[in-house]
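Okay, so here's the structure we're looking at.
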Number of protein chains: 2
Amino acid sequence: MTDEKNIEIAVVDDHSLFRKGLVNLIQQINPRFKVISEASHGQELIDQLQAGLKVDLVVLDLDMPRLDGHDTCKILKRNFSDLGILMLTMKDDETSLIRLLRAGVNGYLNKDVEPEELELALISIFENGFHYTDAMTGKLVNALKDPAEGKMPEINDQELKFIELAGTELTYKEIASKMNLSEKTIDGYRSRLFDKCEVKSRVGLVMFAVRNHLISIE
Amino acid sequence: MTDEKNIEIAVVDDHSLFRKGLVNLIQQINPRFKVISEASHGQELIDQLQAGLKVDLVVLDLDMPRLDGHDTCKILKRNFSDLGILMLTMKDDETSLIRLLRAGVNGYLNKDVEPEELELALISIFENGFHYTDAMTGKLVNALKDPAEGKMPEINDQELKFIELAGTELTYKEIASKMNLSEKTIDGYRSRLFDKCEVKSRVGLVMFAVRNHLISIE
DNA sequence: ATTCTTTAGGGGAAAATCCCCCTTTTTAAT
DNA sequence: ATTAAAAAGGGGGATTTTCCCCTAAAGAAT
């Protein structure tokens, strides 16, 4: 590509030595990268942005005292929705990943990756709005199969159909009619699913199903 | 890479013309691909495998009469766990994707992708055990987030608190106690919210609230 | 004074949940 | 092959919870 635009970046990390090193590294790995601002915690960056700072991307450390990366990200996404956010972290677990994606990060890197991966992530976020790795997707897939709530119970097709209908305003009598089964059978499904999903009410079941993407909310 | 091993493939689709076309296409796009078996539904493939057929990969259509792709995948993963499964589908929604990943598909493609993407998917599954696309990961990430905003009626603080608690497994009596109000007041809130949100049941109210970002699903 | 909002009460029907039971089919263990 | 357990579908009936209709008082706003 010719005539490539500079990518203006802010770096936020509470450890001064690491932050300076990261700023230097970023500017060395690609001449398009211009680090035009540094901050030692999330609130400092937010103050800068509110005072008029313009950047394309933010490289944000997750573990910081005030605000941490997660909370910073949520505020940034609410107030500067076009800002690309790359989160750096030592944490490697699925739960952290999911929390960060929910907060709206555009990319997520472990601190021990090579500089080439960092370059790739920054370019990708700038150009596509996201940076996904197979490792990350694999974690999401694993999280789907074994959710935080414990082992995902086996739900068969009839049970799934019942859950979908339980998430509507149909009474169980109406659901039975729709599924061409007796109300008693529907009650049997309800009972079995309550046990499997460890819930005790229709609302509990439906919320479990939504939380675990068994049904869609549309 | 030199001395590349053939990749033996089975193709399963209930529409004969499409299946034949797909077999030809697969064998044209890469000389390593050897389609050594065809089936018109899931059960037929399972019978073949149980009769001794050996393949590396299965290209499986989702919509088939007996067994469909989803059920076939579950049985295949249980009984032939090393088999790579690439699912083809016209469905594009997050919930279907999630169901398929849970069933254990190693890759997932929309039927209207280019042959190059099909080749890449087959090679990737054979060599890495999975094929992920940014589109797919984007859907997973999107599924993690709270849903898009919709039109909201006026909801005051007490009403919002009630809705949050209505989304739990507490009975209205318990909610009344928790809010230090009488059950009759809670019933008044329920009634007023049903009118405002145009619903007629607790499940309806809670689903409306989730859909419209009034409460979160965590 | 009138109207709206918040809180609360009574009564009763409909719906959900639970507990006991049964039969048939399928699956897994021996 | 046989047997036992689990799954699927279903019954009767009691209790609990939800939903609906009606009413009213107190306080705030117009």
Side-chain angles (χ1 to χ4, degrees), chain A residues 151-210 214-215, chain B residues 42-43 46-47 49-50 66-67 70-72 74-81 152-209 215:
Chain A
K151 192 78 176 159
M152 175 64 69
E154 284 287 324
I155 310 279
N156 69 36
D157 288 348
Q158 285 283 74
E159 288 171 337
L160 189 58
K161 185 68 194 168
F162 167 74
I163 294 173
E164 281 167 2
L165 294 171
T168 71
E169 299 208 81
L170 298 175
T171 64
Y172 287 149
K173 179 175 181 177
E174 287 160 343
I175 291 169
S177 177
K178 205 161 185 77
M179 292 179 78
N180 294 305
L181 298 168
S182 94
E183 295 173 47
K184 279 300 173 182
T185 301
I186 293 305
D187 194 35
Y189 288 359
R190 177 202 57 71
S191 182
R192 206 161 61 220
L193 286 163
F194 279 16
D195 288 343
K196 285 188 195 177
C197 302
E198 297 179 337
V199 297
K200 60 187 183 185
S201 67
R202 185 171 177 175
V203 165
L205 178 62
V206 167
M207 289 300 271
F208 177 92
V210 170
L214 292 174
I215 61 175
Chain B
Q43 191 59 51
I46 290 163
D47 294 340
L49 289 165
Q50 280 169 347
R66 175 203 174 216
L67 307 165
H70 179 256
D71 288 339
T72 305
K74 290 209 300 193
I75 293 168
L76 292 179
K77 280 294 166 182
R78 194 181 304 144
N79 296 303
F80 310 94
S81 57
M152 281 185 285
E154 286 288 319
I155 309 279
N156 69 38
D157 288 350
Q158 284 285 76
E159 287 170 336
L160 188 56
K161 184 68 192 168
F162 167 73
I163 294 173
E164 281 167 359
L165 295 171
T168 70
E169 297 208 81
L170 298 175
T171 63
Y172 288 150
K173 180 174 180 177
E174 286 161 343
I175 291 169
S177 178
K178 204 159 185 79
M179 294 180 76
N180 294 304
L181 298 169
S182 95
E183 293 173 51
K184 283 301 173 181
T185 302
I186 294 305
D187 197 34
Y189 288 0
R190 176 202 59 71
S191 182
R192 203 160 63 222
L193 286 164
F194 279 17
D195 289 343
K196 285 189 199 178
C197 303
E198 298 179 333
V199 297
K200 61 187 184 184
S201 68
R202 185 172 175 173
V203 165
L205 178 63
V206 167
M207 291 299 271
F208 177 92
I215 59 175

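Residue numbers begin at 1 in each chain, while the letters A, B, ... track the order of the sequences. What's counted below: heavy atoms across the whole structure, side chains too, no hydrogens, waters or symmetry copies.
- For the pair B/Tyr189/B/Leu181, a side-chain contact is recorded, criterion being any heavy-atom separation below 4.5 Å from C-beta on.
- Sorted by first and then second residue, the pairs that involve residues 158-184 of chain A and meet ring-ring contact (aromatic ring centres under 6.0 Å, His included), not counting sequence neighbours, are A/Phe162-A/Tyr172.
- Atom CG of B/Leu49 and atom CD1 of B/Ile75 lie 11.5 Å apart (nearest 0.5 Å).
- Protein chain B contacts DNA chain D over a range whose 5' and 3' limits, counting nucleotides with an atom under 4.0 angstrom from a non-hydrogen atom, are D/dT17 to D/dC20.
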Pairwise N/O distances under 3.5 Å, protein to nucleotides 19-24 of chain C:
none

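- Between B/Arg192 atom CZ and C/dC4 atom P there is a gap of 14 Å when expressed in whole angstrom units.
- Rounded to the nearest 0.5 Å, atoms CE (B/Met179) and CD1 (B/Ile186) are 5.0 Å apart.
- B/Ser201 comes within contact range of the sugar-phosphate backbone alone, with a heavy-atom separation under 4.0 Å but no base atom that close.
- Taking the side-chain contact (heavy atoms from CB on, under 4.5 Å) definition, one finds that A/Leu160 meets it with A/Ile155, A/Glu164, A/Leu214, B/Arg99, sequence neighbours left out.
- From B/Ile46, atom CD1 reaches atom OG1 of B/Thr72 across 5.0 Å, with rounding to the nearest 0.5 Å.
- For A/Glu169, the side-chain contact (heavy atoms from CB on, under 4.5 Å) criterion is met by B/Val199, B/Lys200, B/Ser201, not counting sequence neighbours.
- Whole-Å rounding puts the A/Asn156 CG to C/dT26 C1' distance at 13 Å.
- Distance OG1/A/Thr185 to CG/A/Asn180: 11.5 Å, rounded to 0.5 Å.
- Distance B/Asp157 CG to C/dT5 C1': 14 Å, rounded to the nearest Å.
- Inter-axis angle, ends of the helix from C/dA1-D/dT30 to C/dT30-D/dA1, five pairs per end, rounded to 10 degrees: 50°.
- When the side chain to side chain donor-acceptor pair (under 3.5 Å) test is applied to A/Thr171, the partners found at least two apart in sequence or on another chain are A/Glu174.
- Atom-to-atom distance recorded for B/Ile215:CD1 and B/Leu165:CG is 9.5 Å, nearest 0.5 angstrom.
- By the side chain to side chain donor-acceptor pair (under 3.5 Å) test, B/Asp47 pairs with B/Gln43, sequence neighbours left out.
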Query raised in the report: Are B/Leu193 and B/Ile163 close enough, and set up right, to give a side-chain contact (heavy atoms from CB on, under 4.5 Å), and what steps lead you there?
Result: CA-CA 9 Å; B/Leu193 286 164; B/Ile163 294 173; 3.7 Å; yes

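- Of the residues in residues 175-183 of chain A, those lying under 4.0 Å from DNA chain D by heavy-atom distance are A/Leu181, A/Ser182.
- Rounding to the nearest 0.5 Å places CD of A/Glu198 at 8.0 Å from CZ of A/Phe208.
- One can place NZ of B/Lys173 at 16 Å from C1' of C/dG9, the figure rounded to the nearest angstrom.
- Of the side-chain N and O atoms in B/Thr185, one or more sit less than 4.0 angstrom from OP1 or OP2 of C/dA8.
- Note: CD (B/Glu154) to C1' (C/dT5) measures 14 Å, nearest angstrom.
- For B/Lys77, the side chain to side chain donor-acceptor pair (under 3.5 Å) criterion is met by B/Asn106, not counting sequence neighbours.
- Using a 4.0 Å cut-off on heavy atoms, none of the residues of residues 159-170 of chain A approach DNA chain D.
- Sorted by first and then second residue, the salt bridge (charged side-chain N to carboxylate O under 4.0 Å, His left out) pairs involving residues 176-193 of chain B (not counting sequence neighbours) are B/Glu159-B/Arg192, B/Asp187-B/Arg190.
- Between B/Tyr189 and A/Ser191, the residue anchored nearer the 5' end of DNA chain C, judged by the nucleotide with its closest heavy atom, is B/Tyr189.
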Requested in this report: Mind running side-chain contact (heavy atoms from CB on, under 4.5 Å) on A/Thr168 and B/Val203 for me, showing each step along the way?
Outcome: CA-CA 7 Å; A/Thr168 71; B/Val203 165; over 6 Å; no

